[in-house]
2 protein chains.
Amino acid sequence: MEGSPRRTRIQQEKRELILEAALEVFSANGFRGSTIDQIAEAAGMSKPNLLYYFRRKEDIHETLMQRLLDTWLAPLRELDDIGDPLTELRSYIRRKLEMARDFPRESRLFANEILQGAPRIMPMLEGELKTLVDEKANVVKGWMRAGKIARTDPWHLIFSIWATTQHYADFDVQVRAVLGPDRGGDGRFEDAARFLEQLFLEGLKPKE
Amino acid sequence: MEGSPRRTRIQQEKRELILEAALEVFSANGFRGSTIDQIAEAAGMSKPNLLYYFRRKEDIHETLMQRLLDTWLAPLRELDDIGDPLTELRSYIRRKLEMARDFPRESRLFANEILQGAPRIMPMLEGELKTLVDEKANVVKGWMRAGKIARTDPWHLIFSIWATTQHYADFDVQVRAVLGPDRGGDGRFEDAARFLEQLFLEGLKPKE
DNA sequence: CAAAATTTTGACCGGTTGGACAAACGTTAG
DNA sequence: CTAACGTTTGTCCAACCGGTCAAAATTTTG
């Protein structure tokens, strides 16, 4: 058994500072597109100083990734059997959209990793993530069997919630460019929330 | 007025070869993550030879990007007023999903560019793309006014179609990892098509 | 305070990268 | 055949990048 290494107060603080800076840089440029110098400058320290706290560039990325995954899956973990199905799904969509709004850098970091083939987190996708999604898909299946929601593919339903919500973080510049200066402001997340709620809960069929 | 530069037959062919190789490499590693050497090797030639056809790395990327945008927006251009609205939308969704299936590299190239803040194509997003989307959003608005489809935000509707379809190209490794070896095979696009059709045309409300 | 431990820095290194260039090679037209 | 033109290659370079190291500066501890 090995506990996490003992660290001084300074080490704790500086490591946080570096991780915050690295999140900024990695999420904007990807892993290979980012340099240690950039991260060091964003953290307000010299490169060798940074390397005193993280011995390799990859260590920073790995630490960032580990932390990310916990918070990233939290909304899905909260989805559970108790309560009204449609309400549960609406809450899940809202939580995911809030994450896209409040943690866009984390979303882009994740997107960058997946886009490049997920070389560093593949085992996690096939293990922890798959297990969690399978479990929640079965919950959704139960709702369908009980006639609480329409029958459809639960896995693709989850994918579509991921895709539509994360889009507002990952493709933010495109969303803003298309909406223009007037509609692309802070209100876009509320518009998106309203739209997604209707899409998932009602579809596009006209109401009689 | 300046026409496109005169080129010999060999130049035409070699340039195509390079662009094909560059698409492979750029879409997998991003712009900064790709090296001229990688592209040259994928194209079966030496680095200086490649640089004879494209003088700078950025020229390759730029050429690739310009071509991409035309084909990328083609499905949306086809969306028009004539014909049944729900059928039109279903066709658009299917075309976009087919593009994700048949041109995943193009999708990832585009996603990479947007993720990094779209530094090279920003003017196009604010110009050509915005104009096209605004135009099509108005078509959709007309359908809504006519009571042909439910009232909702046309812009966010288009975003959600982009997001859900491109997801199967951009996040392909994640989709496959979650679906597992049995369900993650070639059939996943048909499952996705069925699901998306239901989602957009019916929503999740249970049928009475 | 003084010794010990921690933190910061400047100088440096080997490998990679984008790109330049001239020489060699091949092709085509007179 | 040969001169002109187009293509390919080997060599080289300067900038950059990840990372090392020893020494200096600072903080902590007895």
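In what follows, chains carry the letters A, B, and so on, assigned in the order in which the sequence lines appear, proteins first and then strands, with residues in each chain numbered from 1. These values consider heavy atoms only, across backbone and side chains, with no hydrogens, waters or symmetry-generated copies.
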Let me know the distance between [atom1] of [X] and [atom2] of [N], rounded to the nearest Å.
X        : N       : atom1 : atom2 : result
Glu41(A) : dG18(D) : CD    : P     : 14 Å
Gln38(A) : dG18(D) : CD    : P     : 9 Å
Glu13(A) : dT7(C)  : CD    : P     : 11 Å
Arg56(A) : dT20(D) : CZ    : P     : 9 Å
Leu51(B) : dC13(D) : CG    : P     : 18 Å
Met45(A) : dT26(D) : CE    : P     : 16 Å
His61(A) : dG18(D) : NE2   : P     : 13 Å
Ile60(B) : dT17(C) : CD1   : C1'   : 14 Å

Compare the minimum distances between each of [options] and the side chain of [X], then state the nucleotide with the smallest one.
X        : options                  : value
Tyr53(A) : dT8(C), dG19(D), dG18(C) : dT8(C)
Pro48(B) : dT7(C), dT9(D), dT8(D)   : dT9(D)
Lys14(B) : dG19(D), dT8(D), dT8(C)  : dT8(D)
Arg32(B) : dT8(C), dC17(D), dG19(C) : dC17(D)

Exercise. Less than 4.5 Å apart, any side-chain heavy atom of Thr165(B) and any of Met99(B)?
Worked result: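 Side chain of Thr165(B) against side chain of Met99(B), heavy atoms only: no contact under 4.5 Å found.
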Exercise. Taking the side chain as C-beta and beyond, is there a heavy-atom pair between Arg120(A) and Phe31(A) under 4.5 Å?
Worked result: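 Yes, side chains in contact.
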For this session: Salt-bridge test for Glu20(A) and Arg15(A): reply yes if a basic N is under 4.0 Å from a carboxylate O, no otherwise.
Result: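 Salt bridge flag = no for Arg15(A) with Glu20(A).
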Counting only side-chain N and O atoms of [X], is one of them less than 4.0 Å from OP1 or OP2 of [N]?
X        : N      : value
Gln11(B) : dT7(D) : yes
Asn49(B) : dT7(D) : no
Ser46(A) : dT8(C) : no

Exercise. Starting at the 5' end of DNA chain D and moving along, which residue's nearest nucleotide shows up first, Arg55(A) or Thr35(A)?
Worked result: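 Nearer the 5' end of the strand: Thr35(A).
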Exercise. Relative to the 5' end of DNA chain D, which residue comes earlier, Asp37(A) or Tyr52(B), by the nucleotide with the nearest heavy atom?
Worked result: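 With Asp37(A) and Tyr52(B) compared, the 5'-side residue is Tyr52(B).
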For this session: Would you indicate what Ile36(A) reaches in the nucleic acid, counting non-hydrogen atoms under 4.0 angstrom: base, sugar-phosphate, or nothing?
Result: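 Sugar-phosphate: the residue Ile36(A), judged by heavy atoms under 4.0 Å, touches backbone atoms but no base.
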Exercise. Ring centres of His156(B) and Tyr168(A) under 6.0 Å apart?
Worked result: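 They qualify: ring centres under 6.0 Å apart.
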Problem set entry | Any donor-acceptor N/O pair under 3.5 Å between dG18(C) base and Lys47(B) side chain |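 Check passes, donor-acceptor contact within cut-off.
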Problem set entry | Ser46(B)-Asn49(B) side chain donor-acceptor pair, cut-off 3.5 Å |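 No.
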